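Everything numeric here is computed off the predicted structure, so don't read it as measured data. Residue numbers begin at 1 in each chain, while the letters A, B, ... track the order of the sequences.
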Amino acid sequence: MVKMTRIDSPSALEHYRRAIKEKRAKYVKTVSVCGGTGCQAHECGAVYEALRAALDENGLAKTVELRQTGCHGFCEMGPLMVIQPSGIFYKKVSPEDIENIVEASLKGNKVVEELVYEDPVSGEDIKKESQIPFYKKQKRLLMSMNGKIDPCNIEDYLAQDGYSALVKTLFEMEPTEVIDEVENAGLRGRGGAGVPTASKWKAARKAIARDGIKYVLCNADEGDPGAYMDRSLLEGNPHAVLEGMIIGAYAIGANEGYIYVRHEYPLAVDNLLVAIDQARELNLLGDDILGSGFSFDINVSIGGGAFVCGESTALMASIEGRIGEPRVKHIHTAEKGLYQRPTNLNNVETWANVSLIINQGAAKYKRVGTKNSTGTKIFSLVGAINNTGLVEVPMGITLREIIYDIGGGVPKGKKFKAVQTGGPSGGCLPESLLDTPVDFDRLYDVGSMMGSGGMIVMDEGTCMVDIARYFVDFLCDESCGKCVPCREGLKQMLYIIEDITEGRGTLEQLDLLKELAEVMRDTSLCGLGQTAANPVLSTLEYFENEYLEHIKMKKCRAGVCKSLITFNINPKKCTGCMRCRKACPVGAIKGKKKEAHIIVQEKCEKCGICFEVCEYKAVVRK
Amino acid sequence: MVNLIIDGQSVEAEEGWTILEAAKYYGIDIPALCYYEGLTPTSACRVCVVEIIRGGRSRLSASCSYPVQEGIEVRTNSKKVKRARKVIIELLLASCPNSRTLQCLASKYGVTKIRFRSEDRGCILCGLCVRMCEEQMQAGAIGFVYRGVGREVAMPFHTKHEACRECGACLYICPVCELPCRGPMQPGELCNACLDTVQLEAFPCKD
Ligand SMILES: Cc1cc2nc3c(=O)[nH]c(=O)nc-3n(C[C@H](O)[C@H](O)[C@H](O)COP(=O)(O)O)c2cc1C
Ligand code: SF4
Ligand code: SF4
Ligand code: FES
């Protein structure tokens with residue numbers, strides 16, 4: 001990249017932008033190779049290098065633009081490649097495929113058939129990205145940029161008209177007008193509770209900064225198991241987050257910012273640091289931004305690595321270098337937050353929405369979504385689902401559409417059982433609620449929540465009591481341990497659920513569980529403890545039968561709770577093939593060749609391997 | 001001065017007081033374990049929860065750190081408060097069944113059985129010792145280690161810290177490392193010998 005120069009007026013920025021676009025007009029084709037974390041696991045780096053070399057060798061480097069982008073979302077199919085303007089989509093590309101791709105699609109305009117995505121439902125070949133069912137029902141207002149830009153090259157972001165919202169804000173809008181616009185757009189925080197962003201900004205704007213310092217913070221702690229949408233935004237499109245923060249800082253009157261990133265996200269940190277450097281060089285960050293007189297700078301702070309550090313006061317303590325523990329906030333952090341100064345904290349995705357609102361205007365922005373939940377939401381769709389990946393959907397879409405139309409349903413012909421939204425403090429919803437529209441309030445009404453966007457699909461092989469146990473166990477480790485209802489409550493909750501899954505549970509314990517859950521909700525110090533009982537409450541609400549079966553009949557219908565299941569061999573069906581005997585890791589199966597086998601119960605560890613390997617369905621699980 | 005209502009009584013409190021302080025001033029008793037005059041409140045034990053009605057919305061909050069605010073209504077003994085307080089005392093007892101302080105609280109607030117699994121851990125993690133050592137003795141020799149259910153008070157690296165002068169302030173302030181309750185109960189059970197001396201409520205709540 002050429003050495004960048006300081007830009008000190010909007011017209012100079014437009015001039016620079018035009019120069020970038022002109023420079024790029026010579027390219028007839030653009031190839032994007034996904035460099036997101038999911039595709040990196042599939043060695044997309046080698047694909048990129050091979051293609052780079054092939055372009056040079058074939059003299060195509062001048063007419064074909066190659067770029068390594070952030071995550072495209074369809075991680076299941078990685079490494080992904082998209083060729084524009086035709087929109088050809090290749091899945092699972094390996095370096096060996098490069099020669100074919102260059103010949104067919106870059107020199108010519110043909111498609112390499114083997115690399116085309118085949119729809120598992122219809123069996124049809126689908127050549128274009130936009131036609132793939134996984135993408136078709138999505139509304140990729142934020143994620144689509146990921147596929148179009150190299151996060152380490154600010155010119156890419158500028159070429160996509162990046163930072164034009166900032167120019168509009170700084171030179172055409174008063175700070176209060178910015179807040180009004182965000183309010184009219186109905187933006188609600190994507191970090192969990194869906195708090196209206198504008199009301200937080202107003203409070204922070206109103207707060208008096210005694211020494212003139214106010215902060216805006218970005219929460220990129222993303223501790224929900226399985227969630228990675230914030231990561232992919234930061235990795236793939238860091239400038240969108242920076243731009244949002246600068247606009248927010250202007251609206252609030254803040255002069256310093258921090259992005260608090262989980263330490264497990266090194267690529268996000270690297271890309272952010274590069275982006276911040278480049279923005280500073282161009283004078284989009286720092287003193288007197290674009291000659292507007294407004295000054296603001298951003299630091300990156302690396303997280304303490306605990307789930308609870310995502311809680312606002314714990315996050316602030318952690319940035320200050322103290323232990324990441326929540327504290328009481330009877331006085332709002334808008335007034336006394338980081339270093340006791342007025343502070344506004346928003347989630348990564350919330351910040352990324354800001355420039356969109358300013359660019360489009362509130363009226364257009366809120367055409368997407370529902371009345372009280374506007375815009376889109378990114379979910380990380382994982383678990384028992386055919387198409388795992390990141391999906392960005394308009395608010396108000398139903399769970400069913402996400403799971404079946406986008407996610408392609410439950411694999412291996414198994415039956416759907418539940419979907420968990422909202423992370424460890426969310427809830428599990430049954431099949432009968434699949435037509436619930438996904439918006440902040442509706443999810444809350446049915447006992448779950450939007451959370452930061454984790455969505456875990458479970459099939460019939462899941463025991464709902466065991467799922468509740470899993471989340472409670474997770475939170476036992478992740479609670480900071482400061483306050484009694486959360487620390488002791490979670491521990492006792494785990495004991496009770498363990499009693500149930502191990503066949504010692506009683507009906508009184510079920511009532512105690514409910515009472516405990518309510519007290520934890522009402523009296524815990526921070527959001528973690530206040531919501532920690534949600535997985536238990538929602539499974540009790542929708543899957544109480546399973547609890548009752550465990551307690552009264554000592555039965556686990558999914559065959560997950562080991563204490564409640566036994567494996568036996570039906571002598572009538574057993575042919576004595578010895579398969580299970582060889583497979584059993586603890587030698588619990590006895591029997592001679594061609595004679596019926598038996599399982600020695602004392603030795604059996606209930607791993608279920610015999611059940612899986614028997615070809616005659618002679619092993620019975622009860 | 002700040003005007004508020006506590007248990008139905010209109011009271012005046014000084015700006016900067018907590019609800020606990022205001023209640024105490026007017027002779028209304030709120031139990032508190034992790035609070036100690038002169039130490040920064042951390043609101044960890046939650047036995048001091050009270051119901052606060054503000055702008056028509058009611059919620060439970062720790063009174064030891066909640067600042068008095070104009071026009072709020074506080075209930076220290078509503079049904080909701082009593083129920084939550086009992087469960088919290090029960091949870092505490094399950095972690096320190098022999099503590100005399102906790103046994104007395106149980107009797108005072110009518111906790112008559114422990115429905116949870118008891119495991120004597122000899123510490124309720126109220127953090128009084130840590131704050132005493134740091135804020136009053138200026139030593140900072142002990143602190144919390146680990147998180148979640150594994151949280152403990154310890155010296156760094158579990159060896160005696162050079163800042164420790166063996167002044168004993170930590171022992172003095174600890175609500176559970178006192179002589180155990182001498183009631184008639186078996187270890188892990190409730191004494192309840194003084195159950196009949198149930199707390200007199202200055203202003204009982206009508207809900
Ligand atoms: C235990 C706990 C963990 C949290 N983790 C996160 C997180 O990882 N990312 C996030 O953005 N918000 C998290 N939050 C919510 C934040 O406290 C805060 O509400 C949010 O960042 C505000 O941003 P928003 O208004 O844009 O949603 C967490 C809250 C709690 C109680
Ligand atoms: S609710 Fe849990 S995580 Fe929050 S302060 Fe209490 S113990 Fe810590
Ligand atoms: S694999 Fe099945 S049929 Fe073969 S020995 Fe085992 S139980 Fe019998
Ligand atoms: S005394 Fe208030 S929380 Fe412990």
Enclosure of B:Glu162 CD (heavy-atom neighbours >12, cutoff 6.0 Å):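 12 or below, so no.
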Backbone of A:Cys480 reached by a side-chain donor or acceptor of B:Arg151 within 3.5 Å: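 Between the backbone of A:Cys480 and the side chain of B:Arg151 there is a qualifying donor-acceptor contact (under 3.5 Å).
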Quick one: are [X] and [Y] in side-chain contact, heavy atoms under 4.5 Å?
| X | Y | value |
| --- | --- | --- |
| B:Leu91 | A:Val519 | no |
| A:Val328 | B:Tyr66 | no |
| B:Lys86 | A:Glu515 | no |

Value rounded to 0.5 Å, distance of OG in B:Ser43 from NZ in A:Lys329: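 These two atoms lie 13.5 Å from each other.
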Test ring-ring contact (aromatic ring centres under 6.0 Å, His included) applied to A:Phe474 - qualifying residues, sequence neighbours left out: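 Checked A:Phe474 against ring-ring contact (aromatic ring centres under 6.0 Å, His included); matches are A:Phe307.
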Need one label for [X]: side chain, backbone, both or neither, based on atoms under 4.5 Å from any heavy atom in chain B.
| X | value |
| --- | --- |
| A:Arg487 | both |
| A:Glu325 | side chain |
| A:Leu512 | side chain |

Segment of [X] engaging chain A (4.5 angstrom heavy-atom cut-off):
| X | value |
| --- | --- |
| B:Arg54 | neither |
| B:Arg46 | side chain |
| B:Arg59 | side chain |

Closest non-hydrogen atom pair, A:Pro485 against B:Cys45: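 Nearest heavy atoms, A:Pro485 then B:Cys45: CD-O, 4.4 Å.
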Neighbourhood of chain A inside residues 139-150 of chain B, taking heavy atoms under 4.5 Å as contact: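 Residues B:Arg147, B:Gly148, B:Val149 are the ones that qualify, each having a heavy atom under 4.5 Å from chain A.
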Residues of residues 124-136 of chain B contacting chain A, heavy-atom criterion under 4.5 Å, by residue number: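 From residues 124-136 of chain B, the residues near chain A are B:Ile124, B:Leu125.
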Worked check of salt bridge (Lys or Arg N to Asp or Glu O under 4.0 Å) between B:Arg117 and A:Glu498: CA-CA 12 Å; B:Arg117 195 185 297 180; A:Glu498 277 174 359; 5.3 Å; no
Audit row: B:Thr42, A:Lys482, side chain to side chain contact (heavy atoms under 4.5 Å, CB included) steps and yes/no: CA-CA 9 Å; B:Thr42 52; A:Lys482 181 174 179 173; 4.1 Å; yes
Pairing of B:Arg115 and A:Glu508 as salt bridge, 4.0 angstrom limit: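 Salt bridge: no.
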Of all pairs that satisfy side chain to side chain donor-acceptor pair (under 3.5 Å), the ones with a partner from residues 330-339 of chain A, not counting sequence neighbours: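 Side chain to side chain donor-acceptor pair (under 3.5 Å) check on residues 330-339 of chain A returns A:His330-B:Ser65.
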Among A:Leu490, A:Ile496, A:Leu516, residue most engaged with chain B (heavy-atom pairs, under 4.5 Å):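 Option with the top pair count is A:Leu516.
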